[in-house]
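In what follows, chains carry the letters A, B, and so on, assigned in the order in which the sequence lines appear, proteins first and then strands, with residues in each chain numbered from 1.
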Amino acid sequence: MSTEGPISDEVYWQEQWNKSGVFETEISGDKPPFYCLEMYPYPSGKMHMGHVRNYSIGDAVARYKRMSGFEVLYPMGYDSFGMPAENAAIKEGGHPHDITEKNMNSITQQIKRMGFSYDWRRMIKSHDPKYYKWNQYFFTKFFENGLAVQKFAPVNWCESCSTVLANEQVKAGRCWRCNGPVKQKDMSQWFLNITDYTQELLDGLEQIDFPNNVKLLQQDWLGRSEGCEIKFEIENFEQDIEVFTTRPDTLFGVTFVTLAPEHPLAEMLVKDTEFESAWRDLFEETSIMSEFDRIKNLGAKKGVPTGKFVIHPLTKEKIPIWIGNFVIASYGTGAVMAVPGHDERDFEFAKRYDIPVKRVLVTKEDQEPSSELKKAETELGWMVNSPVAGFDGLYGEDAKSAISDKLHEIGMGKKIVQWKIRPWLISRQRYWGTPIPIIHCKDCGPVAVPEEQLPVELPRDVEFTGKGNPLETSESFLNVDCPKCGKPARRETDTMDTFVDSSWYFLRYTDAMNHDICFDKDVANHWMNVDFYCGGIEHAQMHLIYARFWTKALRDLGLHDIDEPFQSLLCQGMVNKAAPWCEPCGVTLPVEHIDKNCPHCDSPLSLRSAKMSKSLGNTVSPEDMVDNFGADTVRLFILFAANPTAGMDWSDKALQANYKVMQQMEKIPDNILGWGNEETEMDSWLLARLKQRVIDWKDAMDEYDLRRAVELSHYELPKDINWYVRRGGNNSSVGSKVLKSWSFMIALATPHLAEDWWKQIGESGLLASQVMDEVSDLNEQEKAILDSEELLKSFLENARKVKSIAERHLEGSAQQAKIVVSPDWKRDLAKMALSHIISGGNPKQFIGLLANSELVNDENKGQVMGFWSKRMLPQVFKWDDDTREIILSKLSEFKVFMDRTEFISNELGLVRVEVIMAESPEDDTGKAGAAMPLSPAIVYS
RNA sequence: ACGGGGGUGGCUGAGUUGGUCAAAGGCGCCGGGCUUAAGAUCCGGUCCGUAAUGGUUCGUGGGUUCGAAUCCCAUCCCCCGUACCA
């Protein structure tokens with residue numbers, strides 16, 4: 001690829017924007033606020049294409065809203081706590097703070113080079129004590145109100161990161177960050193009770209405009225299920241077993257009860273019995289086994305009996321208690337009532353251990369109650385075989401309620417709602433995060449650090465060895481006096497999950513320069529919630545749930561009045577690039593295998609698009625692209641290559657093509673301003689066309705259809721200019737009017753070029769500070785001129801086709817053409833049919849109307865009716881709305897062609913063009929039958 | 001397994017409240033103008049057929065309709081989530 005670098009002096013314009021402060025936002029009072037935000041990035045040293053895409057989308061929206069008269073809050077900052085910096089310190093030496101600052105400076109330079117319109121004064125960074133002080137402040141408030149609690153519990157432990165993880169951070173039994181195996185470990189940890197907000201988090205999804213898949217993911221993760229908690233008394237034992245079930249209607253089908261191996265009762269029941277060693281083996285196997293291995297062995301259901309029994313609450317039957325590896329200790333009560341007849345897992349388990357299977361539901365109302373169960377029938381059904389009267393024949397929800405009510409009545413159960421989501425585990429045993437502001441005192445227990453002592457800063461005197469929590473090596477940090485009793489105490493060494501930082505940063509941005517409080521309530525209320533939030537789908541359940549929770553929790557502390565942080569969310573698609581692909585093996589290989597055979601099976605490799613990744617080597621460096629083509633070209637390509645939400649393929653060729661577009665556009669102001677000052681009919685066409693383009697462009701932007709908007713500004717308008725010139729337009733004062741509006745339009749994707757244009761057309765100041773004029777709707781005259789030209793274009797397209805066919809039959813090339821315009825009765829027929837259909841008439845009924853209309857008489861009946869069903873009926877629906885409007889309008893087809901015969905003969909390379917009314921005395925062509933409204937017959941000679 | 005999203009012309013990829021769809025845009029390819037030439041740029045073409053406005057096509061097979069890429073049923077394939085949630 002050879003280029004001559006950026007088209008505009010991009011750095012110059014960036015300096016101008018910066019100097020003038022055009023992107024610095026304050027509450028103005030007279031402009032409506034708009035909050036545009038992109039997801040808080042982790043500051044790796046290099047910006048990648050995913051960032052570029054994300055911010056190109058956000059910047060286009062921010063610029064659009066600004067030029068549309070909004071006061072736009074558009075900030076940027078860094079989610080700068082987290083393990084990569086700490087790991088780098090362990091590996092390469094140095095301190096996470098210095099590494100982070102260095103990376104941040106480097107990525108900031110790269111982001112700034114793209115020309116995004118951020119208010120950089122508001123920049124915030126998680127690792128700044130002035131920021132994380134507020135994490136600590138909120139935490140102490142949560143500690144006071146019971147939202148933050150310390151619990152000794154089995155937690156997910158990642159050995160290679162040497163820290164615990166939240167449930168959401170465990171993907172397929174592996175760590176979301178390092179992909180290492182995750183084990184269960186019992187530890188004392190800090191949790192936030194996100195579970196207090198489950199119902200509100202679920203209901204809130206209906207108030208916000210999130211993509212459907214994100215809503216579904218959050219719903220699944222919250223995992224609401226309605227059911228019944230049932231108490232089973234254990235025979236000759238002082239405790240009960242409580243189970244949770246969503247299917248109380250199958251209660252009579254219970255043939256055993258199963259406990260999780262970790263259930264506290266399990267050990268108690270088998271202690272000192274013949275079953276103890278078998279339980280112990282199962283316990284070791286499941287609880288020590290990493291969750292990853294558990295998943296691999298999924299389906300291998302194993303269990304041990306306990307030799308003990310429960311009493312069925314309704315039938316008083318004795319039911320054996322088992323311990324099974326498929327029961328999860330942390331969901332529900334860690335115990336299940338097993339109904340093999342109507343649950344697949346229980347069926348499998350029962351078959352394996354030869355436990356009886358009972359039918360208590362039939363899936364067809366008239367089915368024989370004694371029919372055999374060949375597999376678990378899990379769908380809802382009618383109750384049968386109930387040993388207690390009053391239940392048989394009940395179906396579905398009625399059946400469930402009947403059992404629940406009965407249990408409630410006798411005090412053996414109640415309806416409850418169970419959630420899948422657990423409290424958010426926020427403790428991390430790592431250095432590079434917000435210290436949890438708690439002091440452990442022997443006498444007073446855990447005590448919150450008083451507000452005036454915040455922030456608890458991270459100490460510098462620590463060593464990064466990769467073993468243990470570095471904070472434990474800092475004596476200055478550890479030793480502290482208890483704030484309550486003043487005796488020597490010890491500081492908490494856990495730090496907070498970095499998702500805490502990103503759970504409220506958007507609130508901080510609203511008042512980022514205020515160092516007295518976290519944010520002013522009125523200011524936050526003014527800007528919030530975020531109107532347009534853009535980022536990757538990967539945060540669908542973690543960040544986007546935590547931030548919603550945190551917003552509600554702060555609201556309940558009285559800090560603001562907002563329920564939901566993000567009003568509308570756009571998840572941008574991935575940036576992909578082709579990589580070698582082996583069809584037989586089904587694997588994507590690194591780019592060094594291009595043009596080689598598969599290293600596994602030796603078959604030839606094809607290419608397939610894959611997410612850009614270092615391991616495949618199919619990455620593209622934004623820096624190089626910006627150096628070679630300029631930020632504008634890269635942004636244009638990224639916005640034009642695909643819709644914001646669709647995946648896009650990086651293509652060097654397409655980038656080149658966009659560079660060509662930029663080269664053309666660079667010359668446009670010079671060309672246009674070089675026009676003469678002739679006035680032609682085309683002037684009003686061009687102005688009407690511009691208006692139409694602006695209207696369409698605004699519509700597209702209002703729906704965040706950036707691809708369409710860019711298509712209009714960078715592809716359609718240049719074509720319009722060409723058409724204008726071709727049709728004889730040559731008026732620079734019209735041209736400069738066009739350029740003025742057009743400059744705004746191109747500023748979304750190519751803001752630097754837009755400033756060049758603005759300057760060239762002699763406007764003063766920066767385009768970035770201007771608000772665009774309002775546009776009115778198209779008036780009748782404007783519509784008519786647009787229609788006439790559209791008619792001409794479509795005519796020419798057809799005429800060219802016909803010409804090449806005709807010339808095969810003529811001797812030599814065509815010299816003349818007769819345009820045979822369709823007769824009035826066809827247009828009248830079309831009008832009549834269109835009005836019938838537009839007013840909601842059934843097309844089938846039209847033929848009856850037609851037969852009785854003035855259009856039809858005895859003589860022409862056959863012709864008109866035949867024409868209707870053969871030609872007009874299919875055509876009526878093919879006309880688009882614009883064309884329909886033209887047909888229904890007064891526009892004279894005959895006149896449109898008459899006025900343009902000279903242009904038509906030039907375009908078609910003819911000596912003479914005649915326009916004739918079909919079925920008139922002048923028509924000697926015999927081709928009138930082919931003429932349709934707006935589509936004349938054309939006869940060459 | 002369950003949940004979600006897809007299968008469109010040489011490639012890529014829009015398009016699903018049924019008629020604006022032989023189907024946008026981009027890339028590629030072909031022809032023409034301009035040029036000594038190349039490049040750039042502009043104009044035109046790019047399923048088949050025809051002095052005509054017709055045929056066939058949107059994974060496969062059926063159906064509804066005056067009319068289906070778009071709706072319904074069946075079926076095959078691909079991608080992404082989740083992971084025994086009682």
Task: Any donor-acceptor N/O pair, A/R53 side chain to A/G573 backbone, under 3.5 Å - done: yes
Open item on the list: What's the closest nucleotide to the side chain of A/V939 if the choices are B/rA51, B/rC84, B/rC85?
Closed with: B/rA51
Open item on the list: Under a 3.5 Å cut-off for both contacts, is B/rU36 paired Watson-Crick or G-U wobble with anything, and if yes, with which nucleotide?
Closed with: none
- [ ] Mind checking A/I938 for me? I need base, sugar-phosphate or nothing, with any heavy atom below 4.0 Å counting as a touch.
- [x] base
TODO: Could you tell me whether the phosphate oxygens of B/rA24, OP1 or OP2, come under 4.0 Å of any side-chain nitrogen or oxygen in A/R708?
DONE: no
Task: Selection from B/rA52, B/rU41, B/rA83 that lies nearest to any side-chain heavy atom of A/W221 - done: B/rA83
Open item on the list: Using Watson-Crick or G-U wobble geometry with both distances under 3.5 Å, which nucleotide pairs with B/rC85?
Closed with: none
Open item on the list: When the C1' atoms of B/rA22 and B/rU56 are compared, how many Å lie between them, rounded to an integer?
Closed with: 10 Å
- [ ] List in chain and number order the residues that pass ring pair (Phe, Tyr, Trp, His ring centres under 6.0 Å) with A/Y704, two or more places apart in sequence or in another chain; answer none if no residue qualifies.
- [x] A/F532
Task: Residue closer to the 5' end of RNA chain B, A/N658 versus A/E344 (nearest nucleotide) - done: A/E344
TODO: Select base, sugar-phosphate, or nothing to describe what A/A937 touches, counting heavy atoms under 4.0 Å on all strands.
DONE: base
- [ ] Could you tell me which residues satisfy ring pair (Phe, Tyr, Trp, His ring centres under 6.0 Å) with A/Y353, sequence neighbours excluded, listed by chain and number?
- [x] A/W322, A/F349
- [ ] Could you give the distance separating B/rG10 and B/rA24 at their P atoms, to the nearest angstrom?
- [x] 13 Å
Open item on the list: Closest approach to the side chain of A/F640, judged atom by atom: which nucleotide of B/rC85, B/rG26, B/rG4 is it?
Closed with: B/rG26
Open item on the list: Measuring only the P atom in each nucleotide, how far is B/rG63 from B/rC30? A whole number of Å is fine.
Closed with: 44 Å
- [ ] Report the residues that fulfil ring pair (Phe, Tyr, Trp, His ring centres under 6.0 Å) with A/W221, sequence neighbours left out, ordered by chain and then residue number.
- [x] none
TODO: Measure from CG on A/L712 to C1' on B/rG25 and round the result to the nearest Å.
DONE: 11 Å
Open item on the list: When the P atoms of B/rA23 and B/rU35 are compared, how many Å lie between them, rounded to an integer?
Closed with: 35 Å
Open item on the list: Taking 4.0 Å as the cut-off, does a side-chain nitrogen or oxygen of A/S225 come that near to OP1 or OP2 on B/rA86?
Closed with: yes
- [ ] Between A/P936 and A/D346, just flag the one whose closest nucleotide in RNA chain B comes earlier from the 5' side.
- [x] A/P936
TODO: Measure from the side chain of A/Y715, starting at C-beta and using heavy atoms only, and say which of B/rC84, B/rG81, B/rG26 lies closest.
DONE: B/rG26
TODO: Using the C1' atoms only, state how far B/rG5 lies from B/rG59, rounded to an integer number of Å.
DONE: 16 Å
Open item on the list: Once you apply a heavy-atom cut-off of 4.0 Å, does A/R422 come out as touching a base, just sugar-phosphate, or nothing?
Closed with: base
- [ ] Would you indicate which nucleotide in B/rA86, B/rC84, B/rC85 comes nearest to any side-chain atom of A/T246?
- [x] B/rA86
- [ ] Between protein and nucleotides 42-50 of chain B, map the contacts as a letter string: B base, S sugar-phosphate only, - none, heavy atoms under 4.0 Å, written 5' to 3'.
- [x] SSSS----B
Task: Heavy-atom closest pair, residues A/V661 and A/H714 - done: CG1-O, 3.7 Å
Open item on the list: I'd like to know whether CD of A/E538 has more than 12 heavy-atom contacts from other residues, nucleotides or ligands below 6.0 angstrom.
Closed with: yes
TODO: Tell me the partner of B/rC21, counting only Watson-Crick (N1-N3 plus N6-O4 or O6-N4) or G-U wobble (N1-O2 and O6-N3) with both under 3.5 Å; none if nothing fits.
DONE: none
TODO: Can you tell me the pairing partner of B/rU57 across any strand shown, Watson-Crick or G-U wobble, with both distances under 3.5 angstrom?
DONE: none
Open item on the list: Any base atoms under 4.0 Å from A/T333, or only sugar-phosphate, or nothing? Heavy atoms, all strands.
Closed with: nothing
- [ ] Please measure how far the P atom in B/rG6 lies from the corresponding atom in B/rG15, and state the result in whole Å.
- [x] 10 Å
Open item on the list: Run the ring pair (Phe, Tyr, Trp, His ring centres under 6.0 Å) test against A/F795 and tell me which residues pass, sequence neighbours left out.
Closed with: A/F897
Task: Phosphate OP1/OP2 of B/rA86: any A/Y331 side-chain N/O under 4.0 Å - done: yes
Open item on the list: Please report the distance separating the C1' of B/rC84 from the corresponding atom of B/rG13, rounded so that it comes out in whole Å.
Closed with: 41 Å
Open item on the list: Work out how far the P atom of B/rU41 is from that of B/rG26, and round it to whole angstrom.
Closed with: 13 Å
Open item on the list: Keeping A/E229 on the side-chain end and A/K415 on the backbone end, is there a donor-acceptor pair under 3.5 Å?
Closed with: no
- [ ] Would you kindly give the CG-to-P distance between A/D670 and B/rU41, to the nearest whole Å?
- [x] 17 Å
Open item on the list: Applying side-chain hydrogen bond (donor to acceptor under 3.5 Å, both in side chains), can you list everything that pairs with A/H342, at least two apart in sequence or on another chain?
Closed with: none
